[in-house]
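In this chain, residues are counted from 1 in sequence order. Predicted model, so just to flag it, every value in this text is computed and none were measured.
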Amino acid sequence: MKLTGNTIFITGAGIMQIDDAAGGIDDGLLVSTVTTNLLGPIRLTSALIDQLKKQESAAIIYNTSVLAYVPLALTAVYSATKAALHSFALSQRYKLKDTSVSVLEIAPPWVQTDLLGSNNEPRAMPLAEFIEETISVLGTDAHEVLVERAKPLRNNPGPNEGSFVTEFNDLMAQAPA
């Protein structure tokens, strides 16, 4: 869906904290991450959905992550919230298919941002490059806005998913080259 002339609502809040899925997860971390990354976008779109449906053309854009498809074990709760938000976006897109409201999802790869101090991380995608590519994809009819670096992780699900997730996390656990 091309976004020109539309009413657009973008959900962009997100927090990413290191947790330990193999141990006890701090309840404060759990509640704040789920509230910010999952409940916040759902509550906000729920509060605005009737108004958006009255528009001639509207779009809801969710910010998820490629970690919705391939979880980063270091941030298991964050990854789980992004997977849940992806699932919600798919359901909402289906339910709104016969309305004036489109539902899009931006699923960034690792980008040089403040999340986990990745601003200067050489393995992460430069922010300017991510923005340029994302804007280009937003100019198409795509419902999933994926930059090229995100596609291999997005295309992962299948019978070998477990081994792919293991390889991904082993790679991420290594120090930068």
Side-chain angles (χ1 to χ4, degrees), residues 1-16 32-72 75-116 118-119 124-158 161 164-165 168:
M1 127 165 232
K2 296 187 181 176
L3 297 178
T4 0
N6 290 326
T7 299
I8 301 171
F9 177 64
I10 301 172
T11 65
I15 55 175
M16 178 187 232
S32 66
T33 304
V34 171
T35 299
T36 302
N37 297 359
L38 180 60
L39 299 181
I42 292 172
R43 286 174 174 156
L44 284 170
T45 55
S46 294
L48 296 172
I49 196 68
D50 289 335
Q51 185 63 33
L52 291 170
K53 286 194 259 184
K54 292 176 186 174
Q55 305 304 308
E56 184 177 323
S57 182
I60 298 168
I61 302 177
Y62 290 102
N63 245 329
T64 63
S65 170
V66 295
L67 299 181
Y69 317 112
V70 181
L72 179 60
T75 61
V77 175
Y78 173 87
S79 298
T81 62
K82 295 303 182 173
L85 190 56
H86 165 70
S87 178
F88 182 80
L90 289 172
S91 296
Q92 189 177 56
R93 183 180 302 137
Y94 175 80
K95 296 289 281 186
L96 292 171
K97 68 182 177 183
D98 296 324
T99 72
S100 64
V101 182
S102 294
V103 178
L104 288 78
E105 176 185 358
I106 298 174
W110 191 6
V111 179
Q112 290 176 343
T113 66
D114 289 339
L115 283 178
L116 295 183
S118 297
N119 289 318
M125 183 177 194
L127 182 58
E129 183 182 326
F130 170 74
I131 292 169
E132 183 179 331
E133 226 179 301
T134 298
I135 290 172
S136 177
V137 178
L138 283 169
T140 70
D141 289 332
H143 288 284
E144 282 189 352
V145 180
L146 299 168
V147 298
E148 287 302 314
R149 288 192 193 196
K151 289 179 181 178
L153 296 172
R154 172 61 178 112
N155 296 335
N156 161 60
E161 181 178 48
F164 189 89
V165 169
F168 171 74

request  = Determine, step by step, whether R93 and H143 satisfy the side-chain contact (heavy atoms from CB on, under 4.5 Å) criterion, reporting the C-alpha distance in whole Å, the side-chain angles of both residues, the deciding distance to 0.1 Å, and the verdict.
outcome  = CA-CA 9 Å; R93 183 180 302 137; H143 288 284; 3.6 Å; yes

task = Please step through side-chain contact (heavy atoms from CB on, under 4.5 Å) for the pair L104 and L138, ending with a clear verdict.
result = CA-CA 9 Å; L104 288 78; L138 283 169; 4.0 Å; yes

task = Would you sort out whether I61 and V103 count as a side-chain contact (heavy atoms from CB on, under 4.5 Å), showing the intermediate values?
result = CA-CA 6 Å; I61 302 177; V103 178; over 6 Å; no

ask   = Can H86 and E105 be said to form a side-chain hydrogen bond (donor to acceptor under 3.5 Å, both in side chains), step by step?
value = CA-CA 7 Å; H86 165 70; E105 176 185 358; 2.7 Å; yes

query = Which is it for V137 and L146 under the side-chain contact (heavy atoms from CB on, under 4.5 Å) test, yes or no, and what are the steps along the way?
reply = CA-CA 7 Å; V137 178; L146 299 168; over 6 Å; no

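At distances below 3.5 Å, at least one donor-acceptor pair connects side-chain atoms of S100 with backbone N or O atoms of Q55. T140 contributes no side-chain N or O that, together with a main-chain N or O of S136, makes up a donor-acceptor pair within less than 3.5 Å. Not one N or O on the side chain of S118 forms a donor-acceptor pair closer than 3.5 Å with the backbone of D114.
P108 approaches N63 most closely through the heavy-atom pair CG-OD1, 4.1 Å. Minimum heavy-atom separation, L38 to T81: CD1-O, 4.2 Å. L115 and G14 make their closest contact through CD2-O, 4.4 Å (heavy atoms, listed as atom of the first residue, atom of the second, distance). Shortest non-hydrogen contact noted between L127 and T113 is CD1-CG2, 4.1 Å. Counting all heavy atoms, side chain and backbone alike, F9 lies closest to L48 at CE1-CD1, 3.5 Å. Residues A107 and A150 share a closest heavy-atom pair of O-CB, 3.6 Å.
Residues F168 and L72 have side chains in contact (heavy-atom distance under 4.5 Å, counting atoms from C-beta outward). With contacts defined as side-chain heavy-atom distances shorter than 4.5 Å, the pair K82/V66 does not qualify. Residues V111 and V147 fail the side-chain proximity criterion, which asks for heavy atoms closer than 4.5 Å. A heavy-atom distance below 4.5 Å is not found between the side chains of L96 and S102. Between P41 and L85, some side-chain heavy-atom pair lies under the 4.5 Å cut-off. For the pair I106 and T64, the minimum side-chain heavy-atom distance is 4.5 Å or more.
Rounded to the nearest 0.5 angstrom, L44 CG and L39 CG are separated by 10.5 Å. A distance of 10.0 Å separates CD1 of I131 from CE of M125, quoted to the nearest 0.5 Å.
Partners of Y78 under the side chain to side chain donor-acceptor pair (under 3.5 Å) rule, at least two apart in sequence or in another chain, do not exist in this structure. For R149, the salt bridge (charged side-chain N to carboxylate O under 4.0 Å, His left out) partners at least two apart in sequence or on another chain are E129.
The stretch residues 41-52 participates, sequence neighbours left out, in these side chain to side chain donor-acceptor pair (under 3.5 Å) pairs: T45-Y62.
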